Amino acid sequence: MSKDEAIKIVIEVIKSIAECFGEEDVKVTAGTMPIGGIKCFDSLTCVVATADCLERCNLESNVQSLFVGKNAQGPCALTIEKAADKLIEISEKNQKTNKDK
């Protein structure tokens, strides 16, 4: 999966969920930070978005959220681009696991 493909998938999922909450025409880019940047998104909504991203890519993972990371101060919200990077990592791990079977 390329970075552009991963970003596209994450953006599609974010827009779809935002529309479910009545937020139409939400502008989402690679630099958008869903938590804190889009009204309906919080850590729980992002768990749902993570599951949707994984499902669309036919991936399995125990990662709870693509949209939360860690820095020196503790948990932090991630941008779409950083979430896509996590999705790519999961994809690569799944490919390696499938090859090892």
Side-chain angles (χ1 to χ4, degrees):
M1 168 183 321
S2 74
K3 184 147 185 173
D4 287 342
E5 290 171 326
I7 289 171
K8 181 180 178 190
I9 289 165
V10 175
I11 287 174
E12 288 173 356
V13 167
I14 296 297
K15 284 184 172 185
S16 174
I17 291 174
E19 287 175 6
C20 289
F21 280 89
E23 294 187 42
E24 296 181 21
D25 299 325
V26 173
K27 184 175 180 177
V28 182
T29 67
T32 300
M33 193 174 301
I35 298 175
I38 300 174
K39 277 193 280 183
C40 66
F41 277 84
D42 57 19
S43 57
L44 183 58
T45 310
C46 287
V47 171
V48 173
T50 296
D52 195 3
C53 288
L54 294 172
E55 184 178 317
R56 287 182 187 216
C57 297
N58 293 320
L59 298 174
E60 294 181 16
S61 177
N62 61 358
V63 170
Q64 289 186 351
S65 179
L66 297 173
F67 305 93
V68 177
K70 291 182 182 175
N71 62 22
Q73 290 77 37
C76 63
L78 299 178
T79 62
I80 297 293
E81 182 176 12
K82 294 295 183 186
D85 288 342
K86 287 177 75 171
L87 188 61
I88 291 167
E89 287 177 28
I90 292 167
S91 176
E92 289 171 352
K93 286 179 185 176
N94 272 236
Q95 288 176 353
K96 184 180 183 318
T97 301
N98 290 337
K99 286 182 182 177
D100 292 344
K101 288 183 179 179

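Excluded from the calculations below are hydrogen atoms, water molecules and symmetry mates; all remaining heavy atoms, backbone and side chain alike, are included. All values reported here derive from a predicted model rather than from experimental measurement.
Around the CG atom of Asn71, the shell of radius 6.0 Å holds more than 12 heavy atoms that belong to other residues, nucleotides or ligands. Heavy-atom neighbours of Lys82 NZ from other residues, nucleotides or ligands within 6.0 Å: at or below the threshold of 12. The number of heavy atoms from other shown groups lying within 6.0 Å of CD (Glu19) is above 12. The number of heavy-atom neighbours closer than 6.0 Å to CD of Glu23, taken from other residues, nucleotides and ligands shown, is above 12. Summarising the local packing, CD of Glu12 is surrounded by more than 12 heavy atoms from other residues, nucleotides or ligands at distances under 6.0 Å.
Within the 4.5 Å cutoff, the side chain of Ile90 has heavy atoms near those of the Leu66 side chain. The shortest distance between side-chain heavy atoms of Ile7 and Ile80 falls below 4.5 Å. Within the 4.5 Å cutoff, no side-chain heavy atoms of Ile14 are placed close to those of Val26.
Note that CD of Glu60 is 11.5 Å distant from CD of Glu55, once rounded to the nearest 0.5 Å. Separation of atoms OG (Ser16) and CZ (Arg56) is listed at 5.5 Å; rounding is to 0.5 Å. With rounding to the nearest 0.5 Å, the separation of CE in Met1 from CG in Asn94 is 9.0 Å.
Summarising the geometry of Leu78 relative to Met33, their closest heavy-atom pair is O-CG, 3.5 Å, with the distance given to 0.1 Å. The minimum heavy-atom distance linking Ile88 with Ala6 is given by the pair CG1-CB, 3.7 Å.
Hydrophobic clustering of Ile, Leu, Val, Met, Phe, Trp and Tyr side chains at less than 4.5 Å, counting indirect connections, unites Ile35 with Leu87. Val47 and Leu54 sit in two unconnected hydrophobic clusters of ILVMFWY residues. Membership requires side-chain heavy atoms under 4.5 Å apart, directly or through other members. Val48 is connected to Val63 through a chain of hydrophobic side-chain contacts under 4.5 Å among Ile, Leu, Val, Met, Phe, Trp and Tyr, so both are in one cluster.
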Problem set entry | From CA spacing to verdict: side-chain contact (heavy atoms from CB on, under 4.5 Å), Ile38, Phe21 | CA-CA 11 Å; Ile38 300 174; Phe21 280 89; over 6 Å; no

For this session: Could you walk me through whether Ile11 and Thr32 pass the side-chain contact (heavy atoms from CB on, under 4.5 Å) test, one step at a time?
Result: CA-CA 9 Å; Ile11 287 174; Thr32 300; over 6 Å; no

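By the 4.0 Å N-to-carboxylate-O rule, Asp4 lies too far from Lys8 to be salt-bridged with it.
Considering only residues two or more places apart in sequence or on other chains, Lys3 meets the salt bridge (charged side-chain N to carboxylate O under 4.0 Å, His left out) condition with Glu81, Asp85. Applying the side chain to side chain contact (heavy atoms under 4.5 Å, CB included) test to Ser65 and every residue at least two apart in sequence or in another chain returns Cys46, Thr50, Phe67, Val68.
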